[in-house]
Structures are given as structure tokens and as C-alpha cells.
Amino acid sequence: MALEGDQRGAVIGHGIYDPDSPIAVRAWTLGDGRPPSADEVAARLERAIAIRAVLFADGTTTAYRMLNGEGDRTPGFVIDRYADVAVLRIDGAAARALAPKLLERVPDVLRAVGITTLLERGDGDDRNAVTVRFGPDPRGGEVVVREHDVPFVVDLLHGQKTGAFLDQRENRRRIGALVAARRTAGLSVRVLNLFSYTGGFSQRAALAGGTVTSVDVAAKAHATAQRSFALAGLDPKAHSFVSADAFAWLAEAKRKGARFDVVVSDPPSFAPNERSKPRALSAYRALHRACADVLAPGGHFVAASCSSHVTAEDFVATLDDAALGRSDLRLLELHGPPPDHPTLPRFVEGRYLKLAILA
Ligand code: SAH
């Protein structure tokens with residue numbers, strides 16, 4: 001576990017060593033500080049929780065990341081909160097091997113802030129394996145949470161990541177505000193949400209008065225989205241939910257001459273590793289061209305990327321005039337991860353989430 005020595009053999013820090021991982025060492029302390037311990041993990045988790053207590057002091061948001069691995073100085077360990085249920089994810093074999101010892105005090109820290117059940121989601125091939133670490137098994141694995149007071153359904157057992165894409169919370173709110181502002185300005189609001197998953201962006205756009213078409217390959221995600229629509233007082237039948245490949249659907253929409261006033265694109269990561277980056281950048285350019293082809297004149301284009309190997313500047317470059325095949329758009333806003341997904345200044349990959357708004 002110790003990260004041994006500079007060339008003269010002096011200790012330069014302590015971390016978790018995983019020779020078979022692309023991240024071979026996850027540093028916990030620099031200098032000759034002590035190796036990670038259960039007390040240190042508890043102290044770092046308490047600090048992370050105290051920061052969230054300020055972020056979410058108004059009580060309108062009940063789902064957020066409590067502990068963000070490297071960004072909260074606990075590399076290898078992530079905890080998300082969904083109301084009274086917390087979901088732990090452990091990254092890598094080394095962190096997993098050390099977990100029984102390092103996480104010893106975590107249940108007490110979580111119970112003290114009202115967590116009644118702690119689940120653990122597997123990673124890699126095991127992503128859908130869920131074990132109960134303490135507390136009652138949440139019935140059916142579904143919980144209703146609120147984001148800025150908007151209720152939505154999360155499937156803790158089958159959902160992606162730890163259940164939902166919590167990192168897009170502030171961006172979902174931004175899309176709601178954008179649709180509302182277009183209406184105030186007297187503009188039309190036909191919204192296309194590509195890669196819509198459980199309909200987070202769709203729901204906010206619909207609440208703001210938009211008519212929304214949601215496209216995702218996962219039919220099951222649409223069922224969850226429709227339940228969240230109903231929970232928020234929306235009629236899902238007034239909107240369309242299409243189970244299709246987004247690329248094929250866009251080609252067909254272009255052929256038919258369909259146009260939308262707001263197009264949101266939030267695809268899965270195109271770059272699983274550094275080597276696939278050039279291919280990922282071409283894929284973004286092609287996707288962005290297809291989105292631009294169905295964007296009405298005067299429309300807003302919202303493009304997101306969660307590829308950690310693609311920087312913000314790389315991503316913005318996939319939205320240039322040549323990529324879009326039109327020269328009437330400009331970059332209005334560029335957003336990164338929200339504050340419950342903190343990062344360390346020099347850990348660029350931690351800022352994997354990018355969202356650009358063009359008009
Ligand atoms: N915007 C969502 C998160 C999107 S995650 C939110 O705010 O919650 C990416 C989604 O893309 C997943 O739901 C996945 O099912 C979907 N997906 C992956 N490949 C796809 C494809 N080729 N066509 C359509 N959807 C796809």
C-alpha cells in the first residue's frame with residue numbers, strides 16, 4: 001500500500017496500488033504522512049458531507065453525490081445519496097481489497113446524517129450487482145427523489161451509474177430555464193432530447209412548457225421517464241418517447257425535414273481510453289452535424305460530453321462551423337461538473353462533464 005520512495009528511498013506519499021489498472025497508484029497522502037486508515041476515511045467523508053450540507057442547505061434537492069473519489073480526496077470510493085438510501089461504488093481491485101478495513105467507520109458516519117440503507121453497486125462486468133451493506137432492502141429498488149423540488153423516480157437496482165446521472169442536475173435546471181425564457185421571448189419550444197435515459201432534461205423542458213421528443217435505445221428508461229413525468233404533474237401522452245438508435249433516428253428526421261427549436265444531445269462516453277480519442281472526436285463531429293441538421297433557424301443547441309479523455313477545448317472544437325455545416329451559431333455557455341462532483345485542480349480527467357449551449 002505504501003508508495004515507496006524517491007530515488008534515494010525517501011517516502012513521497014501513500015496510496016492505493018493497483019498494478020493492473022490504468023490508474024496504477026491512487027495517492028492518498030503526499031510527503032511522509034500516514035497511510036490511509038479507517039479514521040482518515042471517516043474524517044474525509046465527514047468533510048465531504050459538511051460541504052454538501054452547505055450546497056443543499058435549502059432542502060430542495062435530495063439526490064446528490066456525497067463523496068466523489070479523488071475530488072473528495074478518497075480515491076477509489078464514491079457514495080451517492082438518494083433520499084435515505086446511499087449507494088457506494090468502489091473502483092478497482094486494490095480499493096476493493098482494502099475496503100473492509102478502510103470503510104469500517106463509514107456506516108456510522110452515514111447513519112448520523114439520516115442514511116437508513118447503504119447499497120453497494122459493483123463495477124466493471126459486475127455493474128448491476130447490488131448488495132445491501134446495512135439497513136432494509138429498499139422495496140423494488142425504486143426511490144423518489146427531488147432535484148430543485150422536481151420529483152423523479154430512480155431505479156437503484158437497474159439504473160445506470162449508481163441509479164441516475166446526478167452530474168447533470170444543474171444542467172437539467174438550465175434547460176428548463178432556457179425553454180421558459182424562449183417562451184417568455186415569444187419563441188416556439190419544440191424540444192428534442194437525444195440519449196434521454198430516464199428523461200431528466202425532458203421533464204424540465206416539459207415543465208417549462210416545451211413539447212418534448214425523447215430518443216433513447218433503452219425502452220425501459222422511457223417507462224421510468226413517463227412515471228417521473230406523471231409524478232411532476234405532466235401528461236406523458238402529450239410528449240413522444242421514441243425507442244431508437246439516435247443516429248438512425250436523426251438521419252430519418254433529416255430526410256423528413258423535421259425541425260426542433262431546442263436540441264439536447266447527451267450521449268454515453270465515446271472515448272473509453274486515451275487511444276480512442278481521435279475516433280471519439282470524429283464521432284462527436286458527426287453527431288453534432290446530425291443535430292445541427294434538425295435544428296430550426298434561431299434554435300438553441302445543447303451538446304454534452306462525459307468522456308474523461310476529451311477536454312473542454314477538444315469538445316468545443318467538435319462544434320465548429322465545419323463540423324455543424326452551418327455558420328449561424330455561437331457558443332453562449334460552457335459548463336462543467338456541478339459542485340457536488342468536486343475535482344482537484346490538477347486532476348483534469350475529473351472534470352469529464354462538459355455542456356455547451358449554442359445559438
Ligand atoms: N441525459 C441523461 C443521461 C444520458 S446517458 C440524463 O440526464 O439522465 C446516455 C444514454 O444514451 C443511455 O440512456 C443509453 O441508453 C443511451 N444510448 C446509448 N447509445 C445510444 C444510441 N445509439 N441511440 C440512442 N440512445 C443511446
Side-chain angles (χ1 to χ4, degrees), residues 61 63-65 80 82 127-128 143 145-148 150-156 158-176 178-179 191-208 210 212-229 231-232 239-254 262-272 276 279-280 282-284 286-288 290-291 294 301-308 310 335-338 340-341 352-357:
T61 295
Y64 52 83
R65 179 148 294 184
D80 286 339
Y82 295 97
R127 258 179 321 174
N128 285 325
V143 287
V145 296
R146 304 182 85 80
E147 236 179 45
H148 298 303
V150 177
F152 70 93
V153 178
V154 177
D155 181 344
L156 295 173
H158 310 102
Q160 300 201 30
K161 289 230 181 165
T162 60
F165 290 87
L166 298 174
D167 52 2
Q168 291 284 27
R169 175 193 324 102
E170 304 309 318
N171 292 330
R172 287 190 273 266
R173 175 156 79 164
R174 284 186 180 106
I175 299 315
L178 170 63
V179 170
V191 179
L192 172 62
N193 182 16
L194 297 162
F195 311 95
S196 54
Y197 188 46
T198 49
F201 286 114
S202 304
Q203 188 195 26
R204 297 302 294 234
L207 281 170
V212 188
T213 300
S214 304
V215 180
D216 200 290
V217 275
K220 204 162 169 274
H222 287 320
T224 307
Q226 287 167 359
R227 297 195 23 237
S228 292
F229 266 56
L231 262 184
H239 304 272
S240 24
F241 296 87
V242 186
S243 304
D245 171 75
F247 299 90
W249 188 89
L250 279 166
E252 181 64 10
K254 179 188 178 187
V262 177
V263 175
V264 179
S265 165
D266 182 23
S269 174
F270 287 164
S276 54
R279 210 170 342 117
S282 315
Y284 280 122
L287 172 62
H288 294 157
C291 289
V294 298
F301 179 24
V302 181
S305 158
C306 61
S307 302
S308 59
V310 173
H335 299 283
D340 59 322
H341 289 62
Y352 61 91
L353 185 70
K354 285 83 58 186
L355 180 127
I357 305 182

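These numbers come from a predicted model, not from an experiment. Just follow the structure's listing: the first ligand is 1, and inside any ligand the first atom is 1.
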Would you mind listing each N/O atom of ligand 1 next to any protein N/O under 3.5 Å, plus the distance?
from     : atom 1 : to   : atom 2 : distance (Å)
ligand 1 : 1 (N)  : F195 : O      : 3.4
ligand 1 : 1 (N)  : D266 : OD2    : 2.7
ligand 1 : 7 (O)  : R172 : NH1    : 2.9
ligand 1 : 13 (O) : D216 : OD1    : 3.4
ligand 1 : 13 (O) : D216 : OD2    : 2.7
ligand 1 : 15 (O) : D216 : OD1    : 2.6
ligand 1 : 22 (N) : D245 : OD1    : 2.7
ligand 1 : 23 (N) : A246 : N      : 2.8
ligand 1 : 25 (N) : V217 : N      : 3.2

Report summary line: In this structure, CG of D80 is separated from CG of L166 (nearest 0.5 Å) by 5.0 Å

Query raised in the report: Where is the tightest heavy-atom contact between A206 and H239, given as atom of each residue plus distance?
Result: CB-CE1, 3.5 Å

Requested in this report: Inspect the contact between K220 and D155 and indicate whether a charged nitrogen and a carboxylate oxygen are less than 4.0 angstrom apart.
Outcome: yes

Query - Residue from S202, S240, S243 passing side-chain hydrogen bond (donor to acceptor under 3.5 Å, both in side chains) with S214 - result: S202

Report task. Report yes or no: do S307 and Y284 form a side-chain donor-acceptor pair below 3.5 Å? Result -> yes

Query raised in the report: Are F241 and F229 close enough that their ring centers fall under 6.0 Å?
Result: yes

